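This report concerns only the one structure given below.
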Amino acid sequence: MIATVAILVSFIMKYAIDKNMERDGYCFEKGKYLLDIYTEQELIDKAIEDELSVIDSVLTLPEDRENKVKIKEYENIEEFKKRNPDCCTLTRIGPDGLDEMVFIYVELNYWFYSSRTHQYKKIKEYRSYTSCGEYPDYDYLF
């Protein structure tokens with residue numbers, strides 16, 4: 001009985017230590033800390049690339065509301081950073097506070113053309129990454 005309790009306590013302690021290391025940015029899969037795997041700039045570029053893969057503007061000409069043309073708002077990462085020079089910061093706290101699945105967020109602030117208002121508006125998005133630099137897998141929760 002004492003041996004069983006000792007084994008159980010050691011597993012609980014190992015789990016707690018592992019979770020604490022993950023919160024500090026350690027990736028067990030790669031055996032390194034996140035900022036030893038990616039530089040801050042590489043994480044920012046990764047977040048911009050992820051964001052660019054999902055944003056498009058829709059151009060509707062006033063005389064032809066039936067035909068909408070999708071246009072790329074930004075051609076590449078460099079253009080995104082040039083047009084939004086103070087776009088990106090790394091932060092540990094996201095839009096909903098702390099999340100145990102997330103080690104770090106990249107906060108993206110950029111201009112986006114709204115076809116509804118025909119004006120540019122400022123957008124704030126967060127891209128979240130685990131201690132291994134991957135998007136958190138929330139599917140296991142369901």
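On a predicted model such as this, the values are computed, not experimentally measured, just so you know.
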Donor-acceptor under 3.5 Å (S131 side chain, L34 main chain):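 Such a contact is absent between S131 side chain and L34 backbone.
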Working for side-chain contact (heavy atoms from CB on, under 4.5 Å), residues T130 and V102: CA-CA 5 Å; T130 65; V102 176; over 6 Å; no
Partner set under ring pair (Phe, Tyr, Trp, His ring centres under 6.0 Å) for Y126, not counting sequence neighbours: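 Applying ring pair (Phe, Tyr, Trp, His ring centres under 6.0 Å) to Y126 gives none.
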Listed partners of C132 passing disulfide (SG to SG under 2.5 Å), at least two apart: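 Residues passing disulfide (SG to SG under 2.5 Å) with C132: C27.
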Between [atom1] on residue [X] and [atom2] on residue [Y], distance to nearest 0.5 Å:
X	Y	atom1	atom2	value
Y120	W111	OH	CH2	10.5 Å
Y26	I37	OH	CD1	9.0 Å
I123	S114	CD1	OG	8.0 Å

Under a 4.5 Å cut-off applied to non-hydrogen side-chain atoms, are [X] and [Y] in contact?
X	Y	value
V106	D50	no
N84	N109	no
H118	Y113	yes
L108	I48	yes
E29	E134	yes
R92	F103	yes
Y135	S128	yes

Set of residues satisfying side chain to side chain donor-acceptor pair (under 3.5 Å) with respect to T91, sequence neighbours excluded: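 Per chain and number, T91 pairs via side chain to side chain donor-acceptor pair (under 3.5 Å) with no residue.
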Test salt bridge (Lys or Arg N to Asp or Glu O under 4.0 Å) applied to K124 - qualifying residues, sequence neighbours left out: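 Result, salt bridge (Lys or Arg N to Asp or Glu O under 4.0 Å) vs K124: E107.
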Salt bridge (Lys or Arg N to Asp or Glu O under 4.0 Å) partners for E125, two or more places apart: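 Partners of E125 by the salt bridge (Lys or Arg N to Asp or Glu O under 4.0 Å) criterion come out as none, since no residue qualifies.
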Flag if over 12 foreign heavy atoms under 6.0 Å of NZ, K30: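 For K30, atom NZ is crowded (more than 12 foreign heavy atoms under 6.0 Å).
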Atom NZ of K122 with >12 non-hydrogen neighbours under 6.0 angstrom: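 Yes, NZ of K122 has more than 12 neighbouring heavy atoms, counting only those of other groups under 6.0 Å.
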Contact summary for C88 and I44, nearest pair of heavy atoms: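 Looking at all heavy atoms of both residues, the closest pair is CB-CG2, 3.5 Å.
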Side chain to side chain donor-acceptor pair (under 3.5 Å) between Y110 and E51, worked out: CA-CA 11 Å; Y110 61 91; E51 190 71 10; 2.7 Å; yes
Distance flag, aromatic centroids of Y129 and Y105, threshold under 6.0 Å: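 They do not qualify: ring centres at least 6.0 Å apart.
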Salt bridge (charged side-chain N to carboxylate O under 4.0 Å, His left out) contacts touching residues 33-47 (sequence neighbours left out):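 Qualifying pairs, neighbours excluded: D45-K81.
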Set of residues satisfying side-chain contact (heavy atoms from CB on, under 4.5 Å) with respect to E79, sequence neighbours excluded: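 Testing E79 for side-chain contact (heavy atoms from CB on, under 4.5 Å), a comparison that skips the adjacent residues, returns Y74, E75, N76, R83.
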